[in-house]
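See structure below.
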2 protein chains.
Amino acid sequence: MDMPVRTSEDVDLDRLSTALGFLMRLAQLKIYERFFEEVGEYHLKPGEFSVLWVILHNPGIRQSVLGQRLMIKRAHMTKLIRALEDQGLVTRRVPDDDRRAVEITLTPAAADKVRQASHWFFTYEDSVGANLTKDERQQLTGLLRKFVGID
Amino acid sequence: MDMPVRTSEDVDLDRLSTALGFLMRLAQLKIYERFFEEVGEYHLKPGEFSVLWVILHNPGIRQSVLGQRLMIKRAHMTKLIRALEDQGLVTRRVPDDDRRAVEITLTPAAADKVRQASHWFFTYEDSVGANLTKDERQQLTGLLRKFVGID
DNA sequence: AAAAATTTGTTTACAAGGAAACAATCTCCA
DNA sequence: TGGAGATTGTTTCCTTGTAAACAAATTTTT
């Protein structure tokens, strides 16, 4: 008699279980899941943190450049930046040499906040590969860097 | 004089460039981007395909089990299944031994369609790691499998 | 220099996905 | 047996992110 599977461990994924796209999706969901469990005192989502972090290290960066590097579309970047501006975390400035563009800078308070949050953020990031050995983790990071084209 | 960065290659990501969560997000976006460029004749999104594929290999699977395995939340699964049902691809059946549950099966037409689409899907999946060597690709797959806990 | 094409950011409308509250059913235990 | 609690799926509302149309400014062509 042909019983339907009842537990998720019994599910037959067949070739899906070696498909990079599928594995990558599961991996990212796993990371984000734990991230939100532990957001801690800094109420920053991963996306917000990475945007603020990059602005901190590249003051006066333009929205478009920021978006290209973080793979965030322009329409969405507009909303992100406005939300950050509303929280008093960033300032926008239209430069004289190109009045279409917008240059983004952190407010001093935000710079402090981001530097502090970064301790927590990178500690969390380090804990992410806890079920891998140190070597495996490094290998994975290296392969992903090559895969996405970060030299 | 302190010029703001103008090109995305010049952006300083600092430690973000080795953060697993960040790299994983970029990797996934890269995969999906190319996926949608090449959807071909089967108008299936990755999520839809993987759901249909798993139902094909586990006929009569319950929504909840399907969701657990693919990491899709119940609320979202309800919508996915209804959409597939509206397209005539799946049938829902409430089993006698648990009248809360719903067992999902592919219609014969859908089974054919999924089998055919799978050729294209897995060909695409194989092409995904094209900028890695065969060895690296295999390593990456293995590490990801371990990372997400697929034995 | 004027016209055409491109770039930059914004707006609007929409799709994907999740959280929380809910109803129905099932399980466990006193 | 009869609650109390857990599970399953659905609904409603909300967040995140995208696509397409647009306006303003810049660059390229002629």
Side-chain angles (χ1 to χ4, degrees), chain A residues 4-8 21 25-26 28-37 39 43-51 60-87 90-104, chain B residues 4-8 21 25-26 28-30 32-37 39 43-51 60-87 90 92-104:
Chain A
V5 290
R6 292 297 162 84
T7 67
S8 81
R25 176 172 160 277
L26 290 192
Q28 212 199 335
L29 287 176
K30 186 181 169 186
I31 293 175
Y32 275 57
E33 206 171 53
R34 280 201 41 222
F35 188 97
F36 287 115
E37 282 168 10
V39 171
H43 299 287
L44 289 174
K45 286 158 257 179
E48 287 175 345
F49 175 80
S50 58
V51 166
I61 193 175
R62 294 181 180 186
Q63 278 190 208
S64 54
V65 177
L66 188 54
Q68 283 163 32
R69 188 81 253 213
L70 298 180
M71 289 230 232
I72 295 172
K73 296 279 152 58
R74 281 172 310 152
H76 187 40
M77 185 60 78
T78 295
K79 295 180 198 170
L80 282 180
I81 296 297
R82 178 156 53 224
L84 294 173
E85 196 182 21
D86 289 347
Q87 298 173 60
V90 307
T91 51
R92 303 167 18 126
R93 193 184 89 89
V94 172
D96 284 339
D97 64 319
D98 186 345
R99 314 219 334 276
R100 294 167 305 181
V102 179
E103 292 180 353
I104 315 290
Chain B
V5 289
R6 293 295 161 85
T7 67
S8 81
R25 177 174 159 276
L26 290 193
Q28 214 199 332
L29 287 176
K30 186 181 168 185
Y32 275 57
E33 205 172 54
R34 278 200 42 220
F35 189 97
F36 286 116
E37 283 170 9
V39 172
H43 299 288
L44 289 174
K45 284 159 257 178
E48 287 175 344
F49 175 80
S50 58
V51 167
I61 194 175
R62 294 182 181 186
Q63 279 191 207
S64 54
V65 178
L66 189 54
Q68 282 163 33
R69 188 79 255 213
L70 298 180
M71 291 229 233
I72 295 173
K73 294 282 152 56
R74 293 199 313 276
H76 187 40
M77 186 59 79
T78 296
K79 295 177 198 171
L80 281 180
I81 296 297
R82 178 155 53 224
L84 294 174
E85 196 183 20
D86 289 348
Q87 298 173 60
V90 306
R92 302 166 19 122
R93 194 183 88 90
V94 174
D96 284 338
D97 65 320
D98 187 345
R99 313 221 332 278
R100 295 166 304 179
V102 179
E103 293 180 352
I104 316 289

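Protein chains get the first letters and strands the later ones, always in sequence-line order, with residue 1 at the start of each. On a predicted model such as this, the values are computed, not experimentally measured, just so you know.
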Practice item. By nearest nucleotide on DNA chain D, pick out whichever of Ile72(A) and Asp98(A) is the more 5' one. Key: Ile72(A)

**Study point:** Short N-O contact, Arg6(B) and Asp97(A), less than 4.0 angstrom
**Key:** yes

Study note, to complete from the structure: Whole-Å distance, Arg62(B) CZ to dT25(C) P, equals 15 Å

Check your understanding: Is the closest side-chain heavy-atom distance between Thr7(A) and Val65(B) below 4.5 Å?
Key -> no

Check your understanding: Taking OP1 and OP2 of dT11(C), is either one under 4.0 Å from a side-chain nitrogen or oxygen of Arg82(A)?
Key -> yes

Check your understanding: Are any side-chain N or O atoms of Gln28(A) and backbone N or O atoms of Arg25(A), one a donor and one an acceptor, separated by less than 3.5 Å?
Key -> no

Point to revise | Within-4.5 Å side-chain heavy-atom neighbours: Ile104(B) and Arg93(B) | key: no

Point to revise | Nucleotide dA19(C), atom C1' - distance to CE of Met71(B) in whole Å | key: 18 Å

Practice item. Remember a base hit wins even if backbone is also touched, and classify Arg99(B) as base, sugar-phosphate or nothing at under 4.0 Å, heavy atoms. Key: sugar-phosphate

Study note, to complete from the structure: Here the distance between atom P of dG17(C) and atom CG of Leu26(A), to the nearest Å, is 13 Å

Exercise for review: Can you tell me the distance, in whole Å, between the CZ atom of Arg100(A) and the P atom of dA5(C)?
Suggested key: 17 Å

Point to revise | N/O donor-acceptor pair, side chain Lys73(A) with base dG9(C), under 3.5 angstrom | key: no

Check your understanding: When you measure from the side chain of Lys45(A), which nucleotide among dT10(D), dT16(D), dA16(C) comes out closest?
Key -> dT16(D)

Practice item. Please determine if a side-chain N or O atom of Ser64(A) lies less than 4.0 Å away from the OP1 or OP2 oxygen of dG9(C). Key: yes

**Study point:** First encountered from the 5' end of DNA chain C, between Leu29(A) and Ala75(A)
**Key:** Ala75(A)

Review point. Which heavy-atom pair separates Glu48(B) from His43(B) by the least distance, and what is that distance?
Key: OE1-O, 3.8 Å

Review point. Do Lys79(B) and dT11(D) have a side chain to base donor-acceptor pair shorter than 3.5 Å?
Key: no

Check your understanding: Nearest to the side chain of His76(B) - dT10(C), dT16(D), dG17(C)?
Key -> dG17(C)

Review point. Could a donor-acceptor pair under 3.5 angstrom be found where the side chain of Arg74(A) meets the base of dG9(C)?
Key: yes

Study note, to complete from the structure: Whole-Å distance, Arg6(A) CZ to dC26(C) P, equals 13 Å

Review point. When the distance from CZ of Arg93(B) to C1' of dT8(D) is rounded to whole Å, what number comes out?
Key: 16 Å

Study note, to complete from the structure: Assign each of Ala101(B) and Asp97(A) the nucleotide of DNA chain D bearing its closest heavy atom; nearer the 5' end lies the nucleotide of Ala101(B)

Check your understanding: For Arg92(A) and dT8(C), what is the distance between atoms CZ and P respectively, to the nearest whole Å?
Key -> 15 Å

Review point. Atom CE of Met77(A) and atom C1' of dT16(D): how far apart are they, to the nearest Å?
Key: 14 Å

